[in-house]
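Worksheet: the structure to be examined is printed underneath.
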2 protein chains.
Amino acid sequence: MEIENKFGYIATLLGDKARAIMLWSLLDGKAYTATELSICANISRQSTSNHLAKLLEAQLLIVEKQGRHRYYRLANARVAQVIESMASLIPDAQIKSIITKPKSQSITYARTCYDHLAGELGVKITDALVKQKIIEPIYNKYIVSALGVKWFSNLDINIDELKLKKRSFAHKCLDWTERRHHLAGSLGTALLEYMICNDWIRKKKNSRAVLVTSLGTKELNDRLKLF
Amino acid sequence: MEIENKFGYIATLLGDKARAIMLWSLLDGKAYTATELSICANISRQSTSNHLAKLLEAQLLIVEKQGRHRYYRLANARVAQVIESMASLIPDAQIKSIITKPKSQSITYARTCYDHLAGELGVKITDALVKQKIIEPIYNKYIVSALGVKWFSNLDINIDELKLKKRSFAHKCLDWTERRHHLAGSLGTALLEYMICNDWIRKKKNSRAVLVTSLGTKELNDRLKLF
DNA sequence: TTCATAGTTCATTGTATAATGAACTAAGTA
DNA sequence: TACTTAGTTCATTATACAATGAACTATGAA
């Protein structure tokens, strides 16, 4: 098979309406049962099963059996990033009509993108990290400066340890609301984890939206001159 | 329309086999005619036209009319980025297969286009002029920066004089081999004349091809960091 | 002029594949 | 044990939309 056909295979797979909705729902990184996903996409369980089988075969999803339930989740962070970046192609006019909706304000301001922080806040923090010379953008990645190693160690994040992990360390992820890059990879995950554990931000229930606590505002301002 | 439906709209658009092949072909950043794209995708011209209209409407492509041809290209770098990132999801990728380019013969490498320089060299020079901030692309034209005025005056080219002429000063011309823009207009003519007069390049007899002299190579490298 | 080529539009046909119903396995429950 | 729920498989149906032919505009060339 030629490369463009392989690309077409992936594109077709993502292109079905029902599958697109399911994948979008899975963007929070959580695992959902087949029945839950069928409700999301508003199709029969049989049909859902068929779609899920295809997504599994393409290694876009992974499945975990637990009793009589099967929990489906995105195979890895890369899948999530591709889906989010595809959303950045939604025509400007349509994006505007979405982000001005009151209920989507929080999701566009700050949300999780699978395992790291996205939205306006995600981009702002990344910008600040670059401005403070903590990280530096190189091609599609970021490198951490000597100063940055120190900065992250204050958050109990050990750069050397993270680099040892198999997964990507610190790469760029395209944000669909901001149309700009933000920090992803194991470093992005570590930062998100720290912020949640230390109550800088809180996840909203049943949503990818997060909100910044007053402590978080203070810390981000002190450490990154963010606000 | 909800966000997941809009995502589905984009995904569906990219998901058609024929469209996927066309988009993949356009990844090189060059512009192609509708007929050429129909050959790439191996479908009829009518069908191609239909697909292109959809991609245009979604602002994934832009079109430029030139005579009876319509040149289609990706709307911006983001589109290319997303397509490439989607290709990264191809399972057990054998993406290492290199995309072969048609080898450039002298007629495609450098040739005159009516009264200015075209071909790969023409495009390269134009790119370098932009990169060095000597000229700046604005819509279908180029403007010359203050730095640029100085740069051209070193070649005895007086920008103010050229602007007084009735004909177009510096517009974009689409190259058929490179499918990318290069400098045309009175400024393009003046530059070509200078290069010939000063033996940077020589016209081949009975041909539009030109060859670059060793002096030309040196000068273009010194002044534009071209090679 | 007239002809050829590039490209589009529109109505019709064709087809790939999604959705569905019925029948099934497998796990949990009363 | 029988019964319910989760999920799948398979054969059939339905449908969205891609492909096509015919007719059209527009540019360029003889």
Side-chain angles (χ1 to χ4, degrees), chain A residues 1 4-26 30-58 60-73, chain B residues 1 4-26 30-58 60-73 113-114 173-174 176 179:
Chain A
M1 214 206 303
E4 59 265 32
N5 289 329
K6 289 183 183 172
F7 165 71
Y9 163 67
I10 293 293
T12 305
L13 219 46
L14 303 179
D16 176 75
K17 202 152 237 169
R19 283 194 292 264
I21 293 173
M22 290 193 256
L23 288 166
W24 192 261
S25 307
L26 288 163
K30 292 179 188 166
Y32 291 88
T33 65
T35 301
E36 285 170 334
L37 290 170
S38 77
I39 293 166
C40 288
N42 196 32
I43 53 171
S44 68
R45 292 205 315 284
Q46 307 94 289
S47 196
T48 306
S49 189
N50 181 35
H51 288 306
L52 291 173
K54 286 178 185 174
L55 293 171
L56 271 182
E57 199 198 347
L60 297 181
L61 299 184
I62 48 177
V63 67
E64 213 169 322
K65 220 174 157 180
Q66 207 163 95
R68 58 180 168 178
H69 296 280
R70 295 198 191 179
Y71 284 94
Y72 290 87
R73 63 172 69 231
Chain B
M1 212 206 305
E4 56 266 35
N5 289 329
K6 292 187 179 171
F7 165 71
Y9 162 68
I10 293 293
T12 305
L13 218 47
L14 302 179
D16 176 74
K17 202 150 238 171
R19 282 195 292 265
I21 293 174
M22 289 193 256
L23 287 166
W24 190 260
S25 307
L26 288 163
K30 295 177 186 174
Y32 291 88
T33 65
T35 301
E36 285 169 335
L37 289 170
S38 77
I39 293 166
C40 287
N42 196 31
I43 52 172
S44 68
R45 291 203 316 284
Q46 306 94 290
S47 196
T48 305
S49 189
N50 181 35
H51 288 307
L52 291 173
K54 287 177 183 174
L55 293 171
L56 271 182
E57 200 198 347
L60 297 181
L61 299 185
I62 48 177
V63 67
E64 210 170 326
K65 219 175 155 181
Q66 205 165 92
R68 57 182 165 177
H69 297 280
R70 295 198 191 179
Y71 284 93
Y72 291 87
R73 63 171 67 230
C113 170
Y114 184 56
C173 179
L174 195 57
W176 62 269
R179 305 308 170 80

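So you know, we letter chains A, B, ... as the sequences are listed, proteins then strands, and number each from 1. If you're wondering where the values come from, they're calculated on a predicted model, not measured in any experiment.
- Residues from residues 50-58 of chain B lying near DNA chain D, meaning a heavy-atom separation below 4.0 Å, are His51(B), Lys54(B) in numerical order.
- Rounded to a whole Å, the CG atom of Asp16(B) is 20 Å from the P atom of dG14(C).
- Of all heavy-atom pairs between Leu56(B) and Tyr72(B), the closest is CD1-CE2, 3.8 Å.
- Within the 4.0 angstrom heavy-atom criterion, only backbone atoms of the sugar-phosphate kind lie near Thr33(A); the bases stay farther away.
- Thr33(A) places no side-chain N or O within 3.5 Å of a backbone atom of Tyr71(A) that could act as its donor or acceptor partner.
- Residue contacts for Ser47(A): at a heavy-atom cut-off of 4.0 Å it reaches a base atom on one of the strands shown.
- Rounded to whole angstrom, the span from the CG atom of Leu13(A) across to the C1' atom of dA16(C) amounts to 15 Å.
- Between Tyr32(A) and Lys30(A) the shortest heavy-atom distance is CD1-O, 3.8 Å.
- Here the CE atom belonging to Met22(A) is positioned 8.5 Å from the CG atom belonging to Leu61(A), to the nearest 0.5 angstrom.
- For the pair Lys17(A) and Ser49(A), both in contact range of DNA chain D, the more 5′-proximal nearest nucleotide belongs to Ser49(A).
- Legend: residues meeting side-chain hydrogen bond (donor to acceptor under 3.5 Å, both in side chains) with Glu57(B), ordered by chain and number and at least two apart, are absent.
- Contacts between chain A and DNA chain D, taken as any atom within less than 4.0 angstrom of a protein heavy atom, begin and end at dT4(D) to dT9(D).
- Stems are defined here as 3 or more consecutive Watson-Crick or G-U wobble pairs with pairing distances under 3.5 Å; those involving DNA chain C are C:1-30 with D:1-30.
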Name the atoms and distances for all side-chain donor-acceptor pairs under 3.5 Å in residues 37-51 of chain A, with sequence neighbours left out.
residue: Ser38(A); atom: OG; partner: Thr35(A); partner atom: O; Å: 2.6
residue: Ser44(A); atom: OG; partner: Ser47(A); partner atom: N; Å: 3.2
residue: Thr48(A); atom: OG1; partner: Ser44(A); partner atom: O; Å: 2.7
residue: His51(A); atom: ND1; partner: Arg19(A); partner atom: NH1; Å: 3.0

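- Side-chain proximity of Arg45(B) to dT20(C), dG7(C), dA18(C): nearest is dG7(C).
- For Thr12(A) (side chain) and Asp16(B) (main-chain N/O), no donor-acceptor pair under 3.5 Å exists by modelled atom type.
- Leu52(A) has its side chain out of reach of Val63(A): every pair of non-hydrogen atoms, C-beta onward, lies at least 4.5 Å apart.
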Study note, to complete from the structure: Nucleotide by nucleotide, nucleotides 24-30 of chain C touches protein heavy atoms under 4.0 Å in the pattern (B base, S sugar-phosphate only, - none) ---BS--
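- The shortest heavy-atom contact between Leu13(B) and Ala58(B) is CD2-CB, 3.1 Å.
- A close approach under 4.0 Å does not occur between any side-chain nitrogen or oxygen of Ser44(A) and OP1 or OP2 of dA19(C).
- Within the nucleic acid shown, Thr35(A) comes within 4.0 Å of sugar-phosphate atoms alone, with no base atom in reach, counting heavy atoms only.
- Among the atoms of the strands shown, only primed sugar atoms or phosphate atoms (P, OP1, OP2) are found under 4.0 Å from some heavy atom of Tyr72(A).
- Each of Thr12(A) and Ala34(B) was matched to the nucleotide of DNA chain C holding its nearest heavy atom; the match closer to the 5' end belongs to Ala34(B).
- For the atom pair Arg73(B) CZ and Leu26(B) CG, the distance stands at 9.5 Å (nearest 0.5 Å).
- Considering NZ of Lys6(A) and OH of Tyr9(A), their distance stands at 11.0 Å, rounded to 0.5 Å.
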